[in-house]
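Within every chain, numbering begins at 1; the chains are lettered A, B, ... in the order of the sequence lines, protein sequences first and strands thereafter. None of the values given here were measured: they were computed from a predicted structure.
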Amino acid sequence: EDKVVQSPLSLVVHEGDTVTLNCSYEVTNFRSLLWYKQEKKAPTFLFMLTSSGIEKKSGRLSSILDKKELFSILNITATQTGDSAVYLCVPGSNYKLTFGKGTLLTVNP
Amino acid sequence: GAGVSQSPRYKVAKRGQDVALRCDPISGHVSLFWYQQALGQGPEFLTYFQNEAQLDKSGLPSDRFFAERPEGSVSTLKIQRTQQEDSAVYLCASSRVRTARYYEQYFGPGTRLTVT
């Protein structure tokens, strides 16, 4: 059975802190690893990683994938209150995405 | 351009009623997906269409759930004889096929179904 484990399940930080969100996965026919951000609405796409070791960056967010260890991390530097959301790690096999429960990040002013 | 839209945004149904949830994908997106998201959980896959063909319905929880996409665009998820355990947010997503961003799915706002 496909499995995604994210840690921590929740995290509270202050503005300006740096956070690291972890994701381990086991899926059949793995193709890519996606990260989504979900506020009180639909998930919005952040990153897609298909190769190990290549760090993807978008502003203050960055992510890296380790296909050997079946692991990914999402880093957020200089956090802002607008970063408060659930971050979902999503391994994809062919068309099917397997969502974890997510990490609930709360950034306090 | 317009994103994925879903209607209604909220639906309250009495146990035993039938409901129909609508999804309008992004124009030109060939693939369409339905997910069910229970409170505090990540979305769970229900079914997948490529154009009008339903290629995978393995996630539908029971034969009370039925999805269609007759013209390869708008899709409807129908739930017959609703039960309380059907209460959840139903998310629709669409994506292009055969591009570098094949697995990038764009989600609609969801329909929150409450069965009383």
Side-chain angles (χ1 to χ4, degrees), chain A residues 1-10 21-25 27-51 54 56 58 63 65 67 72 74 85-106, chain B residues 2-7 9-10 21 23-26 29-51 53-60 69 88-112:
Chain A
E1 184 179 328
D2 294 345
K3 189 168 67 174
V4 181
V5 178
Q6 291 188 244
S7 63
L9 287 181
S10 66
L21 310 183
N22 304 294
C23 173
S24 64
Y25 62 90
V27 297
T28 309
N29 299 318
F30 174 82
R31 298 290 293 272
S32 59
L33 192 292
L34 299 92
W35 283 94
Y36 281 83
K37 176 183 181 182
Q38 186 172 28
E39 298 165 90
K40 291 183 181 178
K41 49 187 179 180
T44 53
F45 174 81
L46 293 175
F47 293 112
M48 182 172 72
L49 303 108
T50 54
S51 302
I54 298 175
K56 289 249 182 162
S58 174
S63 182
L65 173 66
K67 289 170 74 173
S72 179
L74 176 68
V86 173
Y87 290 84
L88 296 163
C89 169
V90 192
S93 59
N94 298 318
Y95 54 85
K96 190 174 285 189
L97 300 181
T98 302
F99 285 81
K101 290 186 178 181
T103 293
L104 173 61
L105 174 64
T106 303
Chain B
V4 179
S5 62
Q6 292 186 245
S7 61
R9 293 293 310 279
Y10 303 91
L21 314 180
C23 172
D24 281 85
I26 293 172
H29 278 197
V30 173
S31 297
L32 185 145
F33 308 81
W34 283 99
Y35 293 86
Q36 181 189 59
Q37 186 171 24
L39 192 64
Q41 304 293 317
E44 290 197 7
F45 172 83
L46 293 177
T47 187
Y48 160 57
F49 289 86
Q50 191 171 101
N51 295 308
Q54 189 175 22
L55 299 186
D56 188 339
K57 54 181 181 179
S58 62
L60 296 176
R69 194 186 184 197
V89 174
Y90 291 85
L91 293 166
C92 176
S94 69
S95 74
R96 291 186 183 276
V97 181
R98 291 189 287 275
T99 71
R101 296 196 141 185
Y102 174 60
Y103 304 111
E104 182 182 333
Q105 296 182 17
Y106 295 87
F107 283 81
T111 295
R112 181 177 295 278

Atom CD of B/Q54: over 12 foreign heavy atoms under 6.0 Å
yes
Should the heavy atoms of other residues, nucleotides or ligands under 6.0 Å from CG of A/L9 be counted, would the total exceed 12?
no
Heavy-atom distances under 4.5 Å only: say whether B/P109 touches chain A with side chain, backbone, both or neither.
backbone
Looking at every heavy atom in both B/F107 and A/A42, which two are closest together, and how far apart are they?
CB-CB, 3.6 Å
Using a 4.5 angstrom heavy-atom cutoff, name the option from B/G42, B/G40, B/P43 with the most pairs to chain A.
B/P43
When the 4.5 angstrom heavy-atom criterion is applied to B/Q37 and chain A, the contacting part is side chain
Roughly how far, to the nearest 0.5 Å, is the CZ atom of B/F33 from the CG atom of A/L97?
6.5 Å
Heavy-atom distances under 4.5 Å only: say whether B/S58 touches chain A with side chain, backbone, both or neither.
side chain
Please classify the contact of A/Q6 with chain B as side chain, backbone, both or neither, using a heavy-atom distance under 4.5 Å.
neither
Taking every non-hydrogen atom, the tightest pair across B/L91 and A/P43
CD1-CD, 4.0 Å
Tell me, yes or no, whether the heavy-atom count around A/K3 atom NZ, taken from other residues, nucleotides or ligands under 6.0 Å, exceeds 12.
no
